[in-house]
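Data block below; observations after.
Computed from a prediction, not measured in an experiment: that's the story for all the values here. So you know, we letter chains A, B, ... as the sequences are listed, proteins then strands, and number each from 1.
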Protein chains: 2
Amino acid sequence: MGNVMVAAKTRSSSRSKEKIREENERIILIAAEKVFAKHGLKGATTKQIADMAKLPKSNIHYYFHTKLNLYRCVLESILVDWMKAADTFNTFNEPREAFRYYVGAKMDLSRIRPFGSKVWANEIISGAPEMEAILSSRLKKWVDTCVDSINTWVELKKIINVGDAHTLLYMIWATTQHYADFEYQVKILNNGKRLTDAEFEEKKQQVIDLVLRSVGLNP
Amino acid sequence: MGNVMVAAKTRSSSRSKEKIREENERIILIAAEKVFAKHGLKGATTKQIADMAKLPKSNIHYYFHTKLNLYRCVLESILVDWMKAADTFNTFNEPREAFRYYVGAKMDLSRIRPFGSKVWANEIISGAPEMEAILSSRLKKWVDTCVDSINTWVELKKIINVGDAHTLLYMIWATTQHYADFEYQVKILNNGKRLTDAEFEEKKQQVIDLVLRSVGLNP
DNA sequence: AAAATATTTGACCATTTGGTCAGGTTATAA
DNA sequence: TTATAACCTGACCAAATGGTCAAATATTTT
């Protein structure tokens with residue numbers, strides 16, 4: 001009887017090998033993102049990640065081999081979302097729409113995936129040892145395109161000349177990511193209460209308006 | 001003869017106990033700030049700090065007892081400079097001057113003390129476990145004062161209504177600190193070359209102008 | 001000069017950590 | 001059904017780490 005029940009139970013809850021790997025990798029990546037966000041690459045331990053994922057530590061090593069490799073996989077998965085937001089910038093020809101939607105997309109990303117932003121921030125604060133290659137190739141290329149767009153808008157007198165377009169991009173990045181990276185500070189200064197969805201939408205609009213006015217556009 | 005020379009050498013290079021402690025604490029704090037900036041509280045090791053300070057590890061523990069205590073001392077010493085910059089904001093009655101000088105002071109701080117800014121950022125990203133008290137009391141109070149000033153300027157029609165004054169403050173903090181916290185990224189996107197002093201002064205002026213325009217002021 | 005106090009540091013230790021591995025279980029292909 | 005390949009995990013280990021301590025040295029006080 002024991003055998004039958006075990007067999008039945010096993011069969012009913014069985015998953016294909018493919019699904020198992022897929023799901024466990026996902027669970028581990030999500031757990032790792034949180035732990036790396038809080039403690040950084042060196043400060044995070046595989047045990048913490050395992051506990052967060054509710055899996056034995058050996059399992060983490062089984063799927064990702066080393067902590068450094070897992071960390072790199074987390075960074076890569078964040079890059080996908082980042083680039084998706086980045087694409088919105090070049091979707092529009094008019095600066096008002098480009099800034100409006102790009103800033104909005106970055107704000108949404110900070111709200112939806114704050115841990116990813118923190119891992120990214122931690123990595124760059126630490127000197128970007130694992131990301132220098134990506135930054136100097138892929139990100140650099142994207143930034144150059146944006147700088148060209150902005151300079152063209154300046155030439156066409158569509159926006160005010162801000163000097164170096166990088167300064168404007170950095171302001172957008174820094175301000176939007178602030179709501180993810182510094183969310184604990186934002187919470188404390190909001191009387192200890194996390195921003196509600198409605199409040200966050202307000203801030204998003206305010207940030208968009210600040211950015212638009214900073215380049216001489218009337219929101 | 002050996003004794004004489006040793007005695008002479010010892011006497012000539014002798015320092016008072018007071019000076020010894022003062023100087024060693026300073027050396028250790030500077031070293032710790034760099035290491036904590038790069039690796040965070042958990043990731044930094046007392047050995048790394050000792051090597052950076054060119055002192056034996058035991059010496060670090062002699063002066064600061066535990067790593068956590070040393071970390072707290074580093075945070076405190078950063079707070080002093082932070083508050084100094086903060087004071088400039090309330091020195092001026094006119095918003096144009098207040099923003100101009102405060103943003104300038106924050107940019108200067110990012111340039112002069114980038115490691116301190118990174119330690120601060122790391123601490124907040126990690127959930128501010130050691131700083132929550134300071135943030136909810138001292139910083140909160142200062143922010144409330146600033147918010148009042150900004151709201152008064154809005155009522156007097158001196159600047160545009162930005163909705164929540166916090167949003168504006170966060171934009172200033174985030175943008176200015178970006179040049180410290182993300183300096184590696186800034187460097188990479190500046191073709192791998194660190195900003196020169198002259199370049200940095202340019203950016204500082206551009207940031208000031210962006211902020212002024214964002215609240216409807218003509219730079 | 002001698003006693004008292006403060007600084008210095010190598011040797012040492014208990015704990016934590018990333019990673020390994022053998023032996024087991026489960027799913028799939030033959 | 002059987003063989004093979006993939007998944008799972010407790011037990012284990014070498015290295016790293018925060019911290020201690022005793023003994024040596026240097027300064028100050030008496």
Side-chain angles (χ1 to χ4, degrees), chain A residues 2-29 31-32 35-36 38-74 130, chain B residues 2-29 31-32 35-36 38-74 130:
Chain A
N3 278 338
V4 173
M5 284 187 67
V6 167
K9 187 178 177 187
T10 302
R11 200 171 299 128
S12 73
S13 69
S14 79
R15 299 169 298 171
S16 75
K17 296 277 187 192
E18 200 181 12
K19 285 285 171 199
I20 288 174
R21 172 165 282 268
E22 205 173 295
E23 190 178 328
N24 279 340
E25 285 182 350
R26 197 181 52 84
I27 289 172
I28 294 169
L29 279 172
V35 178
F36 283 134
K38 189 145 198 150
H39 301 291
L41 169 57
K42 293 198 66 175
T45 73
T46 53
K47 179 66 162 44
Q48 283 175 313
I49 295 169
D51 289 349
M52 181 76 73
K54 289 177 183 170
L55 287 172
K57 196 183 69 164
S58 315
N59 219 321
I60 275 57
H61 284 99
Y62 174 71
Y63 281 108
F64 289 93
H65 210 64
T66 65
K67 184 170 82 159
L68 180 59
N69 182 55
L70 172 56
Y71 179 72
R72 287 184 177 137
C73 291
V74 169
E130 304 299 328
Chain B
N3 277 339
V4 174
M5 284 187 69
V6 167
K9 189 177 179 186
T10 302
R11 200 172 300 129
S12 73
S13 70
S14 80
R15 301 167 298 171
S16 77
K17 297 276 186 191
E18 200 181 13
K19 285 285 170 198
I20 288 174
R21 173 164 280 268
E22 203 173 297
E23 189 178 331
N24 280 340
E25 285 182 351
R26 197 180 54 84
I27 289 171
I28 294 168
L29 280 172
V35 177
F36 283 133
K38 189 143 198 153
H39 302 290
L41 169 57
K42 292 197 67 175
T45 72
T46 52
K47 179 66 160 47
Q48 283 174 315
I49 295 169
D51 289 349
M52 182 76 73
K54 288 176 185 171
L55 287 172
K57 195 184 66 163
S58 316
N59 219 321
I60 275 56
H61 283 100
Y62 174 71
Y63 281 108
F64 288 92
H65 210 64
T66 66
K67 186 170 81 160
L68 181 59
N69 183 55
L70 172 54
Y71 179 72
R72 287 182 177 138
C73 291
V74 169
E130 305 300 329

Can you find an N or O donor on one side and an acceptor on the other, under 3.5 Å apart, linking the side chain of A:K57 with the base of C:dG18? yes
Note: B:I28 and B:N59 closest approach over all heavy atoms is CD1-O, 4.3 Å
Do any side-chain nitrogens or oxygens of A:Y63 fall under 4.0 Å of OP1 or OP2 in D:dA6?
no
Checking C:dT8, D:dG18, C:dG19 against the side chain of B:H61 (C-beta onward), the nearest is D:dG18
Check: C:dT26 base within 3.5 Å donor-acceptor of A:K17 side chain
yes
_Students often get this wrong, so: under 4.0 angstrom with heavy atoms, is B:A44 touching a base, only sugar-phosphate, or nothing?_
sugar-phosphate
D:dC7, OP1 or OP2 - any side-chain N/O from A:R21 closer than 4.0 Å? yes
The nucleotide from D:dA5, D:dG18, C:dG19 with an atom nearest the side chain of B:K67 is D:dG18
Taking C:dG19, C:dT20, D:dG18 as options, the one with an atom nearest any side-chain atom of A:H65 is C:dT20
Separation of C:dA29 atom C1' from A:E18 atom CD, nearest Å, is 15 Å
Winner on side-chain proximity to B:T66, out of C:dG19, C:dG10, D:dG19, is D:dG19
When every non-hydrogen atom of A:A50 is compared with those of A:P56, the smallest separation belongs to CB-C, 4.0 Å
Is any side-chain N or O of B:T46 closer than 4.0 Å to OP1 or OP2 of D:dG18?
-> yes
Whole-Å distance, A:Q48 CD to C:dT17 P, equals 7 Å
Practice task
Inspect the surroundings of NZ in A:K42 and state if more than 12 heavy atoms from other residues, nucleotides or ligands are less than 6.0 Å away.
Solution key: yes
Between CD1 of A:I27 and C1' of D:dC8 the distance, given in whole Å, is 14 Å
Here the distance between atom P of C:dT9 and atom CD1 of B:I60, to the nearest Å, is 10 Å
Smallest heavy-atom separation, B:A31 atom then B:I49 atom, equals CB-O, 3.8 Å
Rounded to whole Å, the OH-P distance (B:Y71 to D:dG18) equals 15 Å
From NE2 of B:H39 across to P of D:dT17 the rounded distance in Å is 10 Å
Which of D:dT28, C:dG19, D:dC7 is nearest the side chain of A:I20? It is D:dC7
In short, B:L29 meets B:C73 closest at the heavy-atom pair CD2-CB, 4.0 Å
In whole angstroms, the gap separating C1' of C:dG18 from CG of A:N69 amounts to 14 Å
Out of C:dC21, D:dC8, C:dT8, minimum distance to the side chain of A:S58 belongs to C:dC21
Closest heavy-atom pair, B:E130 versus B:Y71, reported as atoms and distance to 0.1 Å, is CG-CE2, 3.9 Å
Closest of C:dG18, C:dT9, D:dC8 to the B:Y62 side chain is C:dT9
Taking for A:N59 and for A:K42 the nucleotide of DNA chain D with the nearest heavy atom, the one nearer the 5' end belongs to A:N59
In whole angstroms, the gap separating P of C:dT26 from CG of A:N24 amounts to 15 Å
